[in-house]
Amino acid sequence: MTLRALSCIIIAAAAISCTNTGNQAPVPRKVAYPRVELYDSTYVNVTGLPVMFAVNSSTGVKINEKSAGTYWINIDYFRYGATVRLTLQMLPKQEIAAAIANRMERAMLDTGGYPTELTELTSPSGVASTIMLTPSATVTPLHFIATDSATFVLSGAVQFKSTDIEANTPAVNAIHADLLHAAKTITPRP
């Protein structure tokens, strides 16, 4: 076979493989994630607690007083399949540092050693908050700790039903924004 004949065969094969008969239907990707319709950024204050803060108005809030001065607060993001699980502890000033250290240790264990972004801020009422975002964490990608350093510690994590990190990402970002808003509005009740 001559070089010229071989070249013609290669060109013919390439031309045939590039033809489009119009019969090819688009093939969807193996995994497709439907877009989550995010909640509007509208907020209401949580009532019935010795501490006030704002939550997304589209969520469901359940408060359970576990014991005197200790409250469990669940903020359900039904559409996202997520719940913000908070514990509010009314504590004497001398016990606050130990409670914060305990909650920080728990949060660090939950992150599984993945890179974590920390956001620290202080509300106008003087409440210091830390929000931890760990995008690679499957179940609890967000943690929250707030205190006035005198009377309370509010801490918790966001728990997702699904462990699909990519599918949860828009909801994680939306809840992170809501936690930032909560941190800016938190104040002890007089």
Side-chain angles (χ1 to χ4, degrees), residues 39-112 114 116-135 137 139-161 168 171-190:
Y39 293 133
D40 288 334
S41 297
T42 57
Y43 300 95
V44 296
N45 286 326
V46 173
T47 58
L49 292 170
V51 172
M52 184 175 64
F53 57 95
V55 297
N56 192 297
S57 62
S58 297
T59 61
V61 179
K62 295 177 196 161
I63 299 170
N64 181 18
E65 188 169 5
K66 184 178 181 305
S67 61
T70 301
Y71 303 84
W72 286 350
I73 307 147
N74 286 341
I75 305 167
D76 291 312
Y77 285 79
F78 301 108
R79 193 180 296 164
Y80 306 161
T83 302
V84 179
R85 299 190 188 282
L86 299 172
T87 300
L88 173 62
Q89 298 172 286
M90 304 307 294
L91 298 169
K93 186 174 184 173
Q94 64 272 18
E95 294 179 23
I96 289 181
I100 291 172
N102 176 275
R103 295 294 83 211
M104 286 296 285
E105 180 182 8
R106 178 75 253 167
M108 291 304 173
L109 290 171
D110 283 353
T111 63
Y114 290 113
T116 300
E117 174 187 316
L118 295 177
T119 303
E120 296 177 328
L121 55 93
T122 303
S123 73
S125 65
V127 176
S129 299
T130 302
I131 300 170
M132 291 162 264
L133 170 62
T134 310
V139 179
T140 54
L142 289 161
H143 289 80
F144 180 84
I145 301 172
T147 185
D148 65 350
S149 299
T151 61
F152 76 88
V153 174
L154 177 65
S155 63
V158 178
Q159 180 180 13
F160 279 83
K161 291 179 184 173
N168 290 340
V172 169
N173 293 336
I175 296 172
H176 183 257
D178 288 351
L179 290 176
L180 283 169
H181 184 81
K184 292 174 185 175
T185 62
I186 194 166
T187 183
R189 290 196 188 271

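In this text the structure is predicted, and so the values were computed from the model without any measurement.
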Does CD belonging to Gln94 count more than 12 external heavy atoms closer than 6.0 Å?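 Yes, CD of Gln94 has more than 12 neighbouring heavy atoms, counting only those of other groups under 6.0 Å.
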I need the [X] [atom1] to [Y] [atom2] distance, nearest 0.5 Å.
{"X": "Ser58", "Y": "Arg79", "atom1": "OG", "atom2": "CZ", "value": "6.5 Å"}
{"X": "Met104", "Y": "Met132", "atom1": "CE", "atom2": "CE", "value": "4.5 Å"}
{"X": "Met90", "Y": "Glu95", "atom1": "CE", "atom2": "CD", "value": "12.5 Å"}
{"X": "Thr87", "Y": "Leu154", "atom1": "OG1", "atom2": "CG", "value": "8.0 Å"}
{"X": "Asn173", "Y": "Asp178", "atom1": "CG", "atom2": "CG", "value": "11.0 Å"}
{"X": "Lys161", "Y": "Tyr77", "atom1": "NZ", "atom2": "OH", "value": "14.5 Å"}

Identify, with sequence neighbours excluded, every residue that meets side chain to side chain contact (heavy atoms under 4.5 Å, CB included) alongside [X].
{"X": "Asn45", "answer": "Met52, Ala54"}
{"X": "Thr42", "answer": "Asp40, Ser57"}
{"X": "Ala182", "answer": "Phe53"}
{"X": "Thr122", "answer": "Ala128"}

Suppose we screen for side-chain hydrogen bond (donor to acceptor under 3.5 Å, both in side chains). Which residues come up paired with [X], at least two apart in sequence or across chains?
{"X": "Thr185", "value": "none"}
{"X": "Ser129", "value": "none"}
{"X": "Thr140", "value": "none"}
{"X": "Asp76", "value": "Thr83"}

Minimum-distance pair of heavy atoms, taken over all atoms of [X] and [Y]:
{"X": "Phe144", "Y": "Ala183", "result": "CE1-CB, 3.9 Å"}
{"X": "Leu142", "Y": "Val172", "result": "CD1-O, 3.6 Å"}
{"X": "Thr47", "Y": "Arg189", "result": "CA-NH2, 3.7 Å"}
{"X": "Thr147", "Y": "Ser149", "result": "OG1-N, 2.9 Å"}

Listed once per pair and sorted, the salt bridge (Lys or Arg N to Asp or Glu O under 4.0 Å) pairs that draw on residues 43-55, sequence neighbours left out: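 Residue pairs passing salt bridge (Lys or Arg N to Asp or Glu O under 4.0 Å), neighbours aside: none found.
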Quick one: salt bridge (Lys or Arg N to Asp or Glu O under 4.0 Å) pairs with a partner in residues 45-61, sequence neighbours left out? none
Do the side chains of [Y] and [X] get nearer than 4.5 Å, heavy atoms only?
{"X": "Leu179", "Y": "Val158", "answer": "yes"}
{"X": "Leu86", "Y": "Tyr71", "answer": "no"}
{"X": "His176", "Y": "Thr119", "answer": "yes"}
{"X": "Gln89", "Y": "Ile96", "answer": "no"}

The residue among Ile186, Leu88, Ile75, Ile63 that forms side chain to side chain contact (heavy atoms under 4.5 Å, CB included) with Val46 is Ile63
N/O donor-acceptor pair under 3.5 Å between [X] side chain and [Y] backbone:
{"X": "Thr134", "Y": "Tyr114", "answer": "no"}
{"X": "Tyr80", "Y": "Tyr39", "answer": "yes"}
{"X": "Thr70", "Y": "Ser67", "answer": "no"}
{"X": "Asp148", "Y": "Phe152", "answer": "yes"}

Sequence neighbours left out, what passes salt bridge (charged side-chain N to carboxylate O under 4.0 Å, His left out) with Lys93? Give chain and number order. none
Identify, with sequence neighbours excluded, every residue that meets salt bridge (charged side-chain N to carboxylate O under 4.0 Å, His left out) alongside Asp110.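 Applying salt bridge (charged side-chain N to carboxylate O under 4.0 Å, His left out) to Asp110 gives Arg106.
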